[in-house]
There are 2 protein chains.
Amino acid sequence: MRVTIADIAKRAGVSVNTVSRALSGKDGVSEETRAKIVKIARELNYRPNLLARGMRQDRADFIGVLVLDIGNTVFSRMIRGIENELVGESMTIIIGNSDENVAKERHYLEMMIMTNCRGVIISHASTEALRFLKKEGVPFVVLDRDTQGFPCDQVYVDNVSMGYQATKHLVDLGHRDIIFISKQSEVDFDHRKRAQGYELACGEHGLRQRTRVYECVDAAEAKLLIEAIWQEEQPTGLVIGQHSLAEGVLAGLTGLGVRIPEELSVVIIGEPTWASFLPWTFTTIERPLERIGEMAARLLLNRTSNKLTDDYQRCVLESHLVVRGSTGPPRN
Amino acid sequence: MRVTIADIAKRAGVSVNTVSRALSGKDGVSEETRAKIVKIARELNYRPNLLARGMRQDRADFIGVLVLDIGNTVFSRMIRGIENELVGESMTIIIGNSDENVAKERHYLEMMIMTNCRGVIISHASTEALRFLKKEGVPFVVLDRDTQGFPCDQVYVDNVSMGYQATKHLVDLGHRDIIFISKQSEVDFDHRKRAQGYELACGEHGLRQRTRVYECVDAAEAKLLIEAIWQEEQPTGLVIGQHSLAEGVLAGLTGLGVRIPEELSVVIIGEPTWASFLPWTFTTIERPLERIGEMAARLLLNRTSNKLTDDYQRCVLESHLVVRGSTGPPRN
DNA sequence: ATGAAAGCGCTAACAA
DNA sequence: TTGTTAGCGCTTTCAT
């Protein structure tokens, strides 16, 4: 059997109460008894039972983290940030993976509630999840997503700015004919915002009539799309709104024999790991992923400690332009 | 306050015991009372308190997962596999990130023990961690690592085979002058094994005197290394033992203007996400990462349910060769 | 400064 | 089949 405070109490000749107070750093214990107790605890290799403590206090030092796809670098880097912030607080992270599946998402939320966790950091698959958390009174922070009016704590990156920065970079290089390839999605407004940023930059530079946003659902469709587009028109600049689409677009461009950046400058919004070092490197707009995770953890800790109610915290981080080899002046 | 079985008992006019039995599917409850209780539980939106249950049963449905770097795709994909296997078992995953830091590793192990978790799946930073787990009597499975004689459950990929397959592929293409760039590490025997596989393949084909293994610690050093090597000699084939080194090696080769695969065929051992679709694609030897995670979870469940003691389970998975554009016949 | 005792929600042993 | 009761390990009143 594991060592309990009762064992320590017996050995020290004091009550369990005293042991509890001594070990949890409360006062009301003389320094000498505390020292004695701490010493014995160490000797016996005592480890507190987090379940017992959590039950008694009606809340455990657990934080739930629920993401759309744990296998995706974007999320795992954010989780890294969360972990980095929480490790010092002795919080235990409970992980959930929704796979963008509403039923799985709900399953994990139930689990997290059942463990009496302090709060949840979530990249939600459905707004229903957020409503549920609010209804259940679980503190939560939304990760990397502007909830579009749903009032809650949230950390995200300014998507309009991402689209804007990408486009502005091309404009500054002299491009006047720039298209945007966007991911189609009903639930996710982020892509729309990136496209808005693109339109904004175009508008500011008198390119309104040369503004085209194309939509597709995945990389495979993106490949067909760029092939079709190139048939019709040959812009000098291209902004890809989502790095997961990039692979299809690039495959298409390669097939067409389009040279980058000589014939076409390309900016990718997102963080493809391969962008940085390949012979053919890409200019990107990147999010500070670890930072997003850290901030989300911080906001959650704020909320759980301060018991705030309606004054939601919103943290908007900036993306940054990383210029590499896929952009240059327009052809001729 | 949350709904407890006492609330349900009162409402149903039965004892807490009956409620407990009814809800946990034990027999000794008539079907009609069970139905009534289940109905009430649902109405009241009852959720069992996992902490209370865990404490009473002296073990909770938690599984600890401790990896070297949660932000790394390799680990997050394995975690994805673990999650996939455990979600059906209603296990809760507690995540830990050691950053290859022994102190952090120990910290998380302590945490996991304190939550009475069922067992741990670990990619360890130190053998000390394994000794600790064994000493504490915590069931565990080592993830993606041959523990080199340390007796425990483990899932890993045959590293010798990885090196062998990579080299054999080049030999089959006609290469007779192949070098190997390896990652230097005292704790990790995997790299050494990959190099052994390389040597084995060379030996089998009479290339023993043309066998050279170069070592470096990271990508930056790898870049310098390949530059120095190319100064001295120009092999026709190159095996990169670790995909994280590839970025440096490729940067170096690009700088030197070496054409791939015309002048040099390259095989990368590992799973760089960018390998598959870029204009310049790479032949790789890949591990079934999700599968590794799934198997590890499965082994752990086996162990925790069967209470085996010394007959350790070892699961060796096969890597596979993915031929892409970076390999071809040797020059001239 | 310290101790006694209650109780968090649940399960399991024992009774009825 | 169902109820009573003890107790998991801890924290927290309330006494002393």
Side-chain angles (χ1 to χ4, degrees), chain A residues 1-38 40-41 44-62 90 92 110-118, chain B residues 1-38 40-41 44-62 90 92 110-118:
Chain A
M1 218 45 226
R2 249 168 64 180
V3 179
T4 70
I5 54 172
D7 300 322
I8 299 174
K10 196 181 299 175
R11 240 325 236 264
V14 298
S15 72
V16 289
N17 183 0
T18 307
V19 176
S20 174
R21 306 181 73 87
L23 293 180
S24 48
K26 302 238 177 75
D27 49 34
V29 188
S30 72
E31 271 316 310
E32 66 176 331
T33 34
R34 185 193 302 275
K36 184 167 66 176
I37 288 167
V38 168
I40 294 175
L44 294 183
N45 196 22
Y46 168 74
R47 262 188 288 268
N49 183 326
L50 259 36
L51 300 187
R53 177 181 291 170
M55 183 161 80
R56 185 60 239 249
Q57 299 185 326
D58 204 45
R59 72 194 169 114
D61 288 346
F62 291 134
S90 285
T92 300
E110 296 276 359
M111 291 291 252
M112 288 168 182
I113 291 175
M114 291 193 281
T115 60
N116 280 12
C117 75
R118 287 276 187 95
Chain B
M1 216 46 223
R2 250 168 63 180
V3 179
T4 71
I5 55 172
D7 300 321
I8 298 175
K10 196 181 298 174
R11 211 38 187 244
V14 297
S15 73
V16 290
N17 183 358
T18 307
V19 175
S20 175
R21 306 179 75 87
L23 293 180
S24 49
K26 303 239 177 75
D27 49 34
V29 188
S30 72
E31 270 318 309
E32 65 177 333
T33 33
R34 184 192 301 274
K36 184 168 66 177
I37 287 168
V38 168
I40 293 175
L44 295 182
N45 197 22
Y46 169 73
R47 262 188 288 267
N49 183 325
L50 259 37
L51 301 187
R53 177 182 289 169
M55 182 161 79
R56 186 58 242 248
Q57 299 186 326
D58 204 43
R59 75 197 166 110
D61 288 348
F62 291 133
S90 285
T92 300
E110 296 276 1
M111 290 289 254
M112 288 168 183
I113 291 174
M114 290 193 280
T115 61
N116 279 13
C117 77
R118 287 275 187 97

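Letters go in sequence order (proteins before strands), and every chain restarts at 1.
The number of heavy atoms from other shown groups lying within 6.0 Å of CG (A:Asn45) is above 12.
Following rounding to the nearest Å, A:Lys36 (NZ) and C:dA1 (P) show an atom-to-atom distance of 15 Å. The nearest whole Å value for the distance from the CG atom in B:Asp61 to the P atom in C:dC10 is 15 Å. Protein atom CZ of B:Arg59 is 15 Å distant from nucleotide atom P of D:dG9, rounded to whole Å. Across the protein-nucleic acid pair, A:Leu50 atom CG and C:dC8 atom C1' stand 15 Å apart, rounded to whole Å. Atom CZ of A:Arg21 and atom P of D:dC10 are 16 Å apart (whole Å). Protein atom CG of A:Asn116 is 17 Å distant from nucleotide atom P of D:dC10, rounded to whole Å. Atom CD1 of A:Ile5 is separated from atom P of C:dT2 by 16 Å (rounded to the nearest Å). Note: CG (B:Leu51) to P (D:dG7) measures 22 Å, nearest angstrom.
Backbone-only contact: B:Thr33 has heavy atoms under 4.0 Å from sugar-phosphate atoms and none from a base. Residue-level contact check: A:Ser20 touches the bases, meaning some heavy atom is under 4.0 Å from a base atom.
Put simply, A:Thr18 has a side-chain N or O that comes within less than 4.0 Å of OP1 or OP2 on C:dG3. Residue B:Lys26 has a polar side-chain atom (N or O) positioned under 4.0 Å from OP1 or OP2 of C:dA12. For the OP1/OP2 pair of C:dG9 and a distance below 4.0 Å, the side-chain nitrogens and oxygens of B:Thr4 include no atom meeting the criterion.
Checked against C:dG9, D:dT2, C:dA4, the side chain of B:Val29 finds its nearest nucleotide in D:dT2. With C:dT11, D:dT2, C:dA12 as the choices, the nucleotide that has an atom nearest any side-chain atom of B:Ser30 turns out to be D:dT2. In the set D:dC10, C:dG3, C:dC10, the nucleotide with an atom closest to the side chain of B:Pro48 is C:dC10. Each of D:dC8, D:dT5, C:dA13 was ranked by its minimum atom distance to the side chain of B:Met55; first place goes to D:dC8. Among C:dC10, D:dT11, C:dG3, the nucleotide with an atom closest to any side-chain atom of A:Arg56 is D:dT11.
Under the side chain to side chain contact (heavy atoms under 4.5 Å, CB included) rule, B:Ile5 has a single partner from B:Asn49, B:Val19, B:Ile37, B:Asn17, which is B:Val19.
In terms of heavy-atom proximity, A:Arg34 sits nearest to A:Arg21 at NH1-O, 3.8 Å. Between A:Leu23 and A:Ala41 the shortest heavy-atom distance is CD2-CB, 4.0 Å.
B:Gln57 has its side chain out of reach of B:Asn116: every pair of non-hydrogen atoms, C-beta onward, lies at least 4.5 Å apart.
Put simply, the side chain of B:Asn17 and the base of D:dT4 share a donor and an acceptor less than 3.5 Å apart. Between the base of C:dT11 and the side chain of B:Asp58 there is no donor-acceptor pair shorter than 3.5 Å.
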